[in-house]
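Atom set for the values below is all heavy atoms of this structure, side chains included, hydrogens, waters and symmetry mates excluded.
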Amino acid sequence: MSGIFRKRNTTAYADALFCEAEGLRRLSDGLKAAGIETIRVPEVVGVDESTLEITAIEPARAGDESLEALGEGLAALHRLPQSMYGWRRDNYIGLSPQPNRWAEYWGEFFVQERLRYQVSRIRASSVRNRFEDILDRCDDTLISWLNEHCDQPSLLHGDLWSGNVLFDSEGPWLIDPAIYCGDREADLAMTEMFGGFGSAFYRAYDRAFPRTSVYEQKRDIYNLYHYLNHYNLFGSSYQCGCERGFLAMQELCARAA
């Protein structure tokens with residue numbers, strides 16, 4: 001084994017690193033089940049309330065070959081069907097709690113456990129009430145539409161932006177997961193939130209497991225969850241992203257109604 005990286009618990013939650021360790025292990029199990037050797041996950045060496053010890057990674061520049069390996073491997077992981085939506089325990093998305101439960105239908109899970117939960121955390125009552133009103137008016141249509149356009153639960157990384165994928169000389173590593181089972185395109189949507197992973201990644205993913213015809217509509221809805229989370233954590237600079245997401249929701253529901 002290479003060196004050890006020690007991550008300290010900077011959150012207010014005693015179980016945060018235990019949840020992260022579980023996410024790394026489950027991702028590793030999923031990749032093995034899918035026969036994927038081109039994407040790696042750091043081994044969990046030790047974990048307690050204060051410290052997570054994992055395999056250290058020597059970063060290198062990502063070329064097209066590594067990005068293609070990431071796209072193909074993620075598609076293979078997403079192809080493995082899971083039994084239900086959600087997860088067996090609550091965990092964390094960055095510095096925020098992420099509630100989970102097992103659900104038979106994706107739309108209900110995403111609206112209740114992702115959107116409504118984040119909206120409930122908004123401190124500014126005028127903003128919270130306005131967003132809750134939009135959800136109240138749209139949720140039945142949105143739930144039905146999401147159920148219709150999600151074929152199966154997939155194991156998701158859950159926080160798949162460029163900062164949570166590292167590369168060394170042999171290819172990609174996945175770190176800092178917020179795992180649950182959901183629509184695979186929720187993972188893909190987040191890859192585009194902060195700049196994207198490059199065209200080689202998306203071409204490789206689409207060759208292996210093409211995105212659906214409504215992916216672009218889904219992307220704005222799925223990334224609303226992350227904009228709400230960032231708004232709750234970091235403030236008003238993310239409100240515009242939330243507003244765009246709710247506008248996209250209203251437009252989608254008007255067309256689907």
Side-chain angles (χ1 to χ4, degrees), residues 71 74-75 78 85 93-94 96 98 105-122 127-154 156-165 178 180-199 201-203 205-206 209-257:
L74 188 66
H78 285 165
Y85 299 98
I93 176 79
S96 297
Q98 179 169 263
Y105 299 104
W106 168 241
E108 286 88 338
F109 177 85
F110 183 77
V111 170
Q112 295 298 327
E113 304 297 305
R114 296 295 178 259
L115 297 184
R116 282 198 179 274
Y117 176 73
Q118 284 292 339
V119 169
S120 76
R121 290 169 57 85
I122 295 174
V127 177
R128 183 179 65 250
N129 292 340
R130 184 160 55 84
F131 289 169
E132 285 178 341
D133 180 65
I134 297 172
L135 279 173
D136 289 342
R137 288 185 281 110
C138 289
D139 66 351
D140 286 345
T141 302
L142 178 60
I143 286 170
S144 296
W145 189 85
L146 290 175
N147 288 342
E148 179 184 354
H149 293 287
C150 181
D151 292 334
Q152 67 173 53
S154 298
L156 306 185
H157 177 284
D159 195 7
L160 195 63
W161 68 289
S162 58
N164 286 341
V165 179
Y180 65 99
C181 297
D183 183 354
R184 67 189 177 100
E185 292 186 321
D187 256 359
L188 292 171
M190 196 181 186
T191 67
E192 297 197 66
M193 188 169 168
F194 296 117
F197 282 8
S199 59
F201 165 80
Y202 298 101
R203 286 196 304 268
Y205 187 99
D206 286 338
F209 197 1
R211 285 171 285 180
T212 67
S213 62
V214 294
Y215 166 72
E216 291 188 3
Q217 294 168 271
K218 287 184 183 180
R219 179 184 59 203
D220 295 331
I221 303 300
Y222 291 159
N223 282 344
L224 174 57
Y225 170 55
H226 299 294
Y227 276 114
L228 286 166
N229 183 43
H230 280 68
Y231 174 65
N232 284 325
L233 287 172
F234 306 119
S236 59
S237 61
Y238 288 95
Q239 185 172 344
C240 287
C242 298
E243 301 285 357
R244 288 195 301 271
F246 276 106
L247 178 60
M249 180 191 300
Q250 292 176 94
E251 292 174 346
L252 184 153
C253 290
R255 291 193 298 271

What residues form a ring-ring contact (aromatic ring centres under 6.0 Å, His included) with Phe197, not counting sequence neighbours?
Phe201
Roughly how far apart are Arg244 CZ and Tyr227 OH, rounded to 0.5 Å?
5.0 Å
Between Tyr215 and Leu188, which heavy-atom pair has the shortest distance, and what is it?
OH-O, 3.2 Å
The side-chain hydrogen bond (donor to acceptor under 3.5 Å, both in side chains) partners of Ser162 (sequence neighbours excluded) come to none
Close side-chain approach of Asn164 and Trp161, heavy atoms under 4.5 Å:
yes
Glu251 CD to Asp220 CG distance, which is reported to the nearest 0.5 Å:
9.0 Å
Could you give the distance from CZ (Arg121) to OH (Tyr231), rounded to the nearest 0.5 Å?
13.0 Å
Do Asp136 and Arg116 have side chains that approach each other closer than 4.5 Å (heavy atoms only, starting at C-beta)?
yes
Taking only residues two or more places apart in sequence, or in another chain, which ones meet Cys138 in a side chain to side chain contact (heavy atoms under 4.5 Å, CB included)?
Ile134, Met249, Gln250, Cys253
Checking the side chain of Asp206 only, and the main-chain atoms of Arg211 only, is there a donor and an acceptor separated by less than 3.5 Å?
yes
Sorted by chain and number, sequence neighbours left out, side chain to side chain contact (heavy atoms under 4.5 Å, CB included) with Gln217 holds for Trp145, Val214, Leu252, Arg255
What side-chain donor-acceptor pairs closer than 3.5 Å can you find for residues 107-115, not counting sequence neighbours?
| residue | atom | partner | partner atom | Å |
| --- | --- | --- | --- | --- |
| Glu108 | OE1 | Asn147 | ND2 | 3.1 |
| Glu113 | OE2 | Arg101 | NE | 3.0 |
| Arg114 | NH1 | Pro99 | O | 2.7 |
| Arg114 | NH2 | Asn100 | OD1 | 2.7 |

Under the ring-ring contact (aromatic ring centres under 6.0 Å, His included) rule, collect the residues that match up with His78, sequence neighbours excluded.
Tyr205
Intermediate values then yes/no, side chain to side chain contact (heavy atoms under 4.5 Å, CB included), Tyr117 and Leu228:
CA-CA 10 Å; Tyr117 176 73; Leu228 286 166; over 6 Å; no
For Arg184 and Pro210, the nearest pair of non-hydrogen atoms, with its separation, is NH2-O, 2.6 Å
Over all atoms of both residues, closest heavy-atom pair of Leu224 and Cys242:
CD1-O, 3.5 Å
Does Phe194 have its ring centroid less than 6.0 Å away from the ring centroid of His226?
no
Would you mind reporting whether Glu132 and Asn129 have side-chain heavy atoms less than 4.5 Å apart?
yes
Just to verify, what does Asn232 make a side-chain hydrogen bond (donor to acceptor under 3.5 Å, both in side chains) with, not counting sequence neighbours?
Gln118
Least distance between heavy atoms, Ile221 atom then Ala248 atom:
CD1-C, 4.1 Å
Which atom pair, heavy atoms only, marks the closest approach of Tyr85 to Gly182?
CD2-CA, 3.8 Å
The criterion is side chain to side chain contact (heavy atoms under 4.5 Å, CB included); which residues satisfy it with Ala178, sequence neighbours excluded?
Ile93, Gln98, Asp159
Reported OH-to-CG distance for the pair Tyr105 and Leu146, which is rounded to 0.5 angstrom
14.5 Å
Counting only N and O atoms by type, is there a donor-acceptor contact under 3.5 Å from the side chain of Glu185 to the main-chain atoms of Thr212?
yes
Side-chain donor-acceptor pairs of residues 233-241 under 3.5 Å, sequence neighbours excluded:
| residue | atom | partner | partner atom | Å |
| --- | --- | --- | --- | --- |
| Gln239 | NE2 | Glu243 | OE2 | 3.1 |

At their closest point, which heavy atom of Gly196 faces which heavy atom of Tyr202, and how far apart are they?
CA-OH, 3.5 Å
Tell me, please, which residues at least two apart from Asp151 pass salt bridge (charged side-chain N to carboxylate O under 4.0 Å, His left out).
none
How many angstroms lie between CG in Leu160 and CD in Glu192, if you round to the nearest 0.5 Å?
11.5 Å
What salt bridge (charged side-chain N to carboxylate O under 4.0 Å, His left out) pairs are there with at least one residue in residues 223-233, not counting sequence neighbours?
none
Residue set satisfying side-chain hydrogen bond (donor to acceptor under 3.5 Å, both in side chains) with Asp133, at least two apart, ordered chain then number -> Arg137
Within the side chain of Asp187, is there an N or O that forms a donor-acceptor pair under 3.5 Å with the backbone of Gly158?
yes
